[in-house]
Amino acid sequence: MDLGQPPSYMIINAIQGGLIAKPGEYTFSVVLRRSNEYYCSGSIISKKNVVTAASCVIKFDKSNFQYLPMQVIIGTSNYKKQHDLSSFVADVEKFYIPMHFFHKDESVKRIGDIAVLKLHQELDLRSSNRALSKLFLSEMRSYVGEPAYLTGFGWDRVGRRFDVTTHRIIREGESSGKLKAAKTKVLEIQECEAVSNDEINSFKLMCARIKQRSESVPEGACTGDIGGPLVHNGDTLIGILVSYAGQCNEKTKPQLYTKVAAYNDFIQKAAMDMSSPDIYSAKLPI
């Protein structure tokens, strides 16, 4: 590849290993937008609330945060599709994040990577409205060995280029805008620890891997899938894809997810707009 030229792209079916969702499937799935950039995934949990990763909302150092408007694209299986009558844009009015997300112990894999978004308008979640649905929060139990699936709007074109300034290979990509879903299997936390040099909090995090269909083509969650839901039994939210995921390759390294059951109390307090010393919250401009 010539230096200075656009990267050569490898076409992948990202979430690599997944299938492109049909209209009307996974109607709890949403994509986040800020400054006209579509950058993270999420899921509906109530008429006024969406759950995503905290790192999709704010940086680890909240003092440098810019309070810019944020929107959620709802009811779509392709956010780049024009004239999609089933989709609409909802403004984010306020967000909530666990305070321990901002801890500075770099020896510990970051926990608390979960955020609740309060929407400015209510969603129509009546059973008669098949364009939208919500996920239920999981109970505190082990899901190890059980199947689940991940949904997201991440990259489906991935390439690499050489950066002449840093002399490093940089991974680049883009998304077609289509929603994808991939089958996963929940693993013992030790399987993630085996490929990580960091301590992993098994109470706050869980481990899963997208099923590999080919020996030659690695499969995995990609950039833009972060914040996406790990779903069990079709309607139960058990995990949130974390910020240090999205490497597009889970053949040798499974992904970590925020364990939703460990944050049920936080989620419920946020949904009720309750103030707490354990919760950081802020309003956003509409």
Side-chain angles (χ1 to χ4, degrees), residues 21 25-35 37-58 67-79 84 86-98 101 112-126 129 131-138 149-154 177 179-181 221 224-231 235-243 245 257-261 263-274 279-286:
E25 289 186 318
Y26 316 114
T27 51
F28 49 80
S29 299
V30 305
V31 59
L32 275 58
R33 183 176 72 185
R34 177 177 271 167
S35 302
E37 178 186 1
Y38 300 84
Y39 65 99
C40 272
S41 301
S43 54
I44 299 169
I45 59 165
S46 74
K47 292 188 290 185
K48 288 279 286 186
N49 297 109
V50 160
V51 172
T52 186
S55 50
C56 292
V57 178
I58 194 170
Y67 292 85
L68 300 175
M70 180 187 300
Q71 295 84 35
V72 176
I73 315 303
I74 294 171
T76 186
S77 58
N78 184 352
Y79 64 77
D84 186 350
S86 65
S87 69
F88 63 96
V89 178
D91 292 307
V92 177
E93 178 180 309
K94 191 174 182 179
F95 67 83
Y96 310 79
I97 292 172
F101 173 70
D113 199 356
I114 181 171
V116 174
L117 309 181
K118 180 182 179 182
L119 305 180
H120 188 58
Q121 59 265 61
E122 284 194 356
L123 305 179
D124 181 4
L125 295 180
R126 293 175 298 179
N129 181 16
L132 297 180
S133 62
K134 71 173 184 177
L135 292 175
F136 299 96
L137 303 182
S138 63
Y149 62 84
L150 171 68
T151 69
F153 289 87
L179 175 65
K180 281 80 60 179
D225 295 320
I226 295 169
L230 186 66
V231 181
D235 63 0
T236 302
L237 179 63
I238 65 173
I240 303 292
L241 189 66
V242 297
S243 61
Y257 293 78
T258 295
K259 185 183 292 185
V260 169
Y263 291 92
N264 281 348
D265 183 62
F266 155 75
I267 294 171
Q268 291 165 2
K269 286 181 179 178
M272 293 186 290
D273 196 24
M274 293 177 59
I279 298 176
Y280 177 81
S281 64
K283 292 184 177 181
L284 293 177
I286 301 299

K.L.:
Keeping Lys180 on the side-chain end and Gly154 on the backbone end, is there a donor-acceptor pair under 3.5 Å?
P.N.:
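Yes; judged by distance alone, with no hydrogens or angles, the pair exists.
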K.L.:
Is the shortest heavy-atom distance from the side chain of Phe101 to the side chain of Ile58 under 4.5 Å?
P.N.:
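Side chain of Phe101 against side chain of Ile58, heavy atoms only: contact under 4.5 Å found.
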K.L.:
Nearest 0.5 Å, what's the OG1-CD1 distance between Thr52 and Ile114?
P.N.:
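Taking OG1 in Thr52 and CD1 in Ile114, the distance rounds to 9.0 Å.
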K.L.:
Can you list everything that forms a side-chain hydrogen bond (donor to acceptor under 3.5 Å, both in side chains) with Asp235? Sequence neighbours excluded, please.
P.N.:
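With sequence neighbours excluded, Asp235 shows a side-chain hydrogen bond (donor to acceptor under 3.5 Å, both in side chains) to no residue whatsoever.
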K.L.:
Parallel, tilted or perpendicular: which one describes the rings of Phe95 and Tyr67, with boundaries at 30° and 60°?
P.N.:
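It falls in the parallel class, under 30°.
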K.L.:
If we only count heavy atoms from C-beta on, is the Phe153 to Leu179 side-chain gap below 4.5 Å?
P.N.:
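In short, these two side chains touch, coming nearer than 4.5 Å.
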K.L.:
Do you know which two heavy atoms are closest between Val72 and Leu119, and how far apart they sit?
P.N.:
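Result for this residue pair: CG2-CD2, 4.1 Å.
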K.L.:
Atom OG of Ser281 and atom NZ of Lys269: how far apart are they, to the nearest 0.5 Å?
P.N.:
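Here the interatomic distance stands at 12.5 Å.
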K.L.:
Output the distance between atom CD1 (Ile44) and atom CG (Leu123), rounded to the nearest 0.5 Å.
P.N.:
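Output value for this atom pair is 5.0 Å.
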K.L.:
Taking all non-hydrogen atoms of both residues into account, name the closest pair between Leu284 and Leu68 and its distance.
P.N.:
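The answer is CD2-O, 3.8 Å.
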K.L.:
Just so I know, are the side chains of Tyr79 and Val30 near enough to count as touching, which here means a heavy-atom distance under 4.5 Å?
P.N.:
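No, too far: nothing below the 4.5 Å cut-off.
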K.L.:
Taking all non-hydrogen atoms of both residues, which atom of Pro98 and which atom of Gly112 are closest, and how far apart?
P.N.:
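Heavy atoms of Pro98 and Gly112 come nearest at CD-O, 3.7 Å.
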K.L.:
Take atom NZ in Lys94; do more than 12 heavy atoms of anything else shown fall under 6.0 Å from it?
P.N.:
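Count over threshold, so yes.
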K.L.:
May I ask you to test the Val260-Thr236 pair for a side-chain heavy-atom distance under 4.5 Å?
P.N.:
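Of all side-chain heavy-atom pairs linking Thr236 with Val260, none is under 4.5 Å.
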K.L.:
Got a donor-acceptor contact below 3.5 angstrom from the Ser41 side chain to the Gly224 backbone?
P.N.:
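Looks like yes, one N/O pair under 3.5 Å.
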K.L.:
Hey, mind stepping through Tyr96 and Asp273 against side-chain contact (heavy atoms from CB on, under 4.5 Å) and telling me if it holds?
P.N.:
CA-CA 9 Å; Tyr96 310 79; Asp273 196 24; 2.6 Å; yes
K.L.:
How close do Ala181 and Thr151 get, counting heavy atoms only, and between which atoms?
P.N.:
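Closest approach of Ala181 to Thr151, heavy atoms only: CB-CG2, 4.0 Å.
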K.L.:
Apply side-chain contact (heavy atoms from CB on, under 4.5 Å) to Ser43 and Leu237, showing your working.
P.N.:
CA-CA 9 Å; Ser43 54; Leu237 179 63; 4.1 Å; yes
K.L.:
Is Val231 close to Phe28 at the side-chain level, that is, under 4.5 Å between some pair of heavy atoms?
P.N.:
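A side-chain contact under 4.5 Å exists here.
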K.L.:
Hey, could you give me the CG/CD1 distance between Asn78 and Ile73, rounded to the nearest 0.5 Å?
P.N.:
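Result: 12.0 Å between the selected atoms.
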K.L.:
So which atom in Leu241 and which in Ala221 form the shortest heavy-atom distance, rounded to 0.1 Å?
P.N.:
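Taking every non-hydrogen atom into account, CD2-CB, 3.7 Å.
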K.L.:
Taking Leu117 as the fixed residue, which of Val50, Asp91, Asn49, Ile45 is the one that meets the side-chain contact (heavy atoms from CB on, under 4.5 Å) rule?
P.N.:
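By the side-chain contact (heavy atoms from CB on, under 4.5 Å) criterion, Leu117 pairs with just one of Val50, Asp91, Asn49, Ile45: Val50.
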K.L.:
Step by step, would you call Phe136 with Lys134 a side-chain contact (heavy atoms from CB on, under 4.5 Å)?
P.N.:
CA-CA 7 Å; Phe136 299 96; Lys134 71 173 184 177; 3.8 Å; yes
K.L.:
Compare all side-chain heavy atoms of Val92 with those of Val57 and state whether any distance is below 4.5 angstrom.
P.N.:
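Result no, sub-4.5 Å side-chain heavy-atom pair not found.
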K.L.:
Would you say the side chain of Tyr257 lies within less than 4.5 Å of the side chain of Ile238, judging by non-hydrogen atoms?
P.N.:
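No, side chains not in contact.
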K.L.:
Search all heavy atoms of Leu32 against all heavy atoms of Met70 and return the closest pair with its distance.
P.N.:
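Looking at all heavy atoms of both residues, the closest pair is CD2-SD, 4.2 Å.
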K.L.:
Go through Val116 and Tyr263 one step at a time and tell me if the side-chain contact (heavy atoms from CB on, under 4.5 Å) criterion holds.
P.N.:
CA-CA 11 Å; Val116 174; Tyr263 291 92; over 6 Å; no
K.L.:
Rounded at 0.5 Å granularity, tell me how far CG in Leu132 sits from OG in Ser29.
P.N.:
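Here the rounded value is 11.0 Å.
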K.L.:
Just wondering, do Val242 and Ser55 contact through their side chains at under 4.5 Å, heavy atoms?
P.N.:
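No. Closest side-chain heavy atoms not under 4.5 Å.
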K.L.:
Say you draw a straight line from CG of Asp124 to CG of Asn129; how long is it, rounded to the nearest 0.5 Å?
P.N.:
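With rounding to 0.5 Å, CG (Asp124) is 4.5 Å from CG (Asn129).
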